[in-house]
Amino acid sequence: MKFADRLMQLGTETAFAVSAEAAAFASKGNKVYPFHLGDINIKTPQNIIDATIVAMNQGKTGYCPNAGIPALRQALAEDANQLRSTHYTMDNVAVQPGGKPSIGKFIQALMNPGDEVLYPTPGYPIYESQIEYFGGRAIPYGYREGKDNFELKLDELAASITPRTRLLIYNNLQNPMGAESSAAEMQAIADLAIKHDLIVLCDEAYFEIRYAGKSTSLASLPGMEERTVLLYTFSKKFAMTGWRLGASIGPRPIIDVIAKLNVNDESCSNHFIQYGAIEGLKGDQSGPRAILDTLKERRDLAVKLLTEMPGVHCYNPNATFYLFPNVTEAMKRAGTEDYEVFRRQIMAATGVSICTRRHFGRPLAGEKDRYVRFAYSGIDIDQIEEGLLKLKAYLDSL
Ligand code: PLP
């Protein structure tokens, strides 16, 4: 079979391969502690399920408008405005089958082949994949360890901007690092975007997965609403990963193009679950509150246990459901510099299954420290305790 040349540029989420490996390991009768999953093992709130079933029974089972049903677009605009002090109307919202489609559609709408797009690494691997698949030049920017969390290497980001740089992908409340910009860092990003006339995809998948404080959006800063597209998703806040519902929210001309891409790609997002989503946004909020309480308990325990491990340094991020500890010393103890060797060694010895930095985009030149990602969204608290105590005992034994 001769495939299209452009497929040479298409990346993937290699974390799915870790899931397959963990499943194969478990099928041999081994115990697995699934810290590799970015999925959520908590049920979607009942009021959302009920509203969706009602919509199905009412016959909301045909096609719906390409950009989403007006009531959901309106509810999303109001929700975004309330949390971000923006000025969106339903015309600024294109409903998507998940948050992920916003990435490729943003790039298709705004990037010409050869244009340069800044993106974070470590970061969500689909940015790199989609930029290159559509013929752009993926220009990475990185992070360094700060006092309480990771910080953007703003100096390097600024230095990598050229006359060909057109877009910036920014994921505050970051996967996999749990990084969160300070007000100064976010303002610096806005200043760069305005100075160099960059359009920004602001991936806010974890905007409302936070345990203390308040999230701030880049779109709230002066001059940014008109050059920012927000990636919104129902996946995380409402534990709806498998429902596939999200939205692109941004300037109307871009949203109109994205809606036209919807026509070409999927016609419309699933019709009846959009009614469930309205209930999620406007109805009883005890469901998402309980999800956050569960995640916070898990975070507190996981951070405590990771911090007690030899050769491991872990921040305590206020947002996302990821931890990204520095394991440089632990890997030295384990006698390897190879991420895959370390990951497999840990799984074989303890059943703890994780992703490593290698699953989150190409490494930057000169990266020396080693990091792995623990996701605590797909594992119950008793299993977190059991698994991490086994991991500690293993690292202690080295
Ligand atoms: N953006 C980030 C940073 C993510 O981590 C994810 C999912 O893990 C997504 C976007 C897309 O998620 P979904 O397509 O389920 O909304």
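Order of listing sets the numbers, starting from 1, for every ligand and every atom in it.
- In the vicinity of Lys236, heavy-atom distances shorter than 4.0 Å reach the ligand 1 atoms 6 (C), 7 (C), 8 (O).
- Near Gly99, meaning under 4.0 Å from any of its heavy atoms, are these atoms of ligand 1: 13 (P), 14 (O), 16 (O).
- The nearest heavy-atom contact from the protein to atom 10 (C) of ligand 1 is Asp203 OD2, 3.5 Å.
- Between Tyr127 and ligand 1, no pair of N/O atoms sits closer than 3.5 Å.
- Under 4.0 angstrom from ligand 1, there are no non-hydrogen atoms of Thr241.
- Shown here is Lys153, whose NZ atom has more than 12 heavy atoms of other residues, nucleotides or ligands within 6.0 Å.
- Note on ring orientation: taking the six-membered ring where Trp is involved, the planes of Tyr315 and His313 are perpendicular (angle over 60°, cut-offs 30° and 60°).
- Taking the centre of each ring, Phe106 and Tyr127 stay at or above the 6.0 Å mark.
- Distances below 4.0 Å separate heavy atoms of Thr233 from the following atoms of ligand 1: 13 (P), 16 (O).
- Nearest protein neighbour of atom 14 (O) of ligand 1, counting heavy atoms only, is Arg244 NH2, 2.7 Å.
- In terms of N/O distances under 3.5 Å, ligand 1 is approached by Lys100.
- Using modelled atom types and a 3.5 Å distance limit, the side chains of Gln130 and Lys105 yield no donor-acceptor pair.
- Between Asp115 and Arg137, none of the side-chain N atoms (NZ, or NE/NH1/NH2) sits under 4.0 Å from a carboxylate O, so this pair counts as no salt bridge.
- Glu204 and Ser217 are linked by a side-chain donor-acceptor pair at a separation below 3.5 angstrom, with hydrogens and angles left out of the test.
- Looking only at atom types and distance, the side chain of Glu180 has no donor-acceptor partner in the side chain of Asn172 under 3.5 Å away.
- Counting atoms of ligand 1 from 1 in the listed order, those under 4.0 Å from a heavy atom of Ser235 are 13 (P), 15 (O), 16 (O).
- Polar contact with ligand 1: absent for Gly98 (N/O pair, distance under 3.5 Å).
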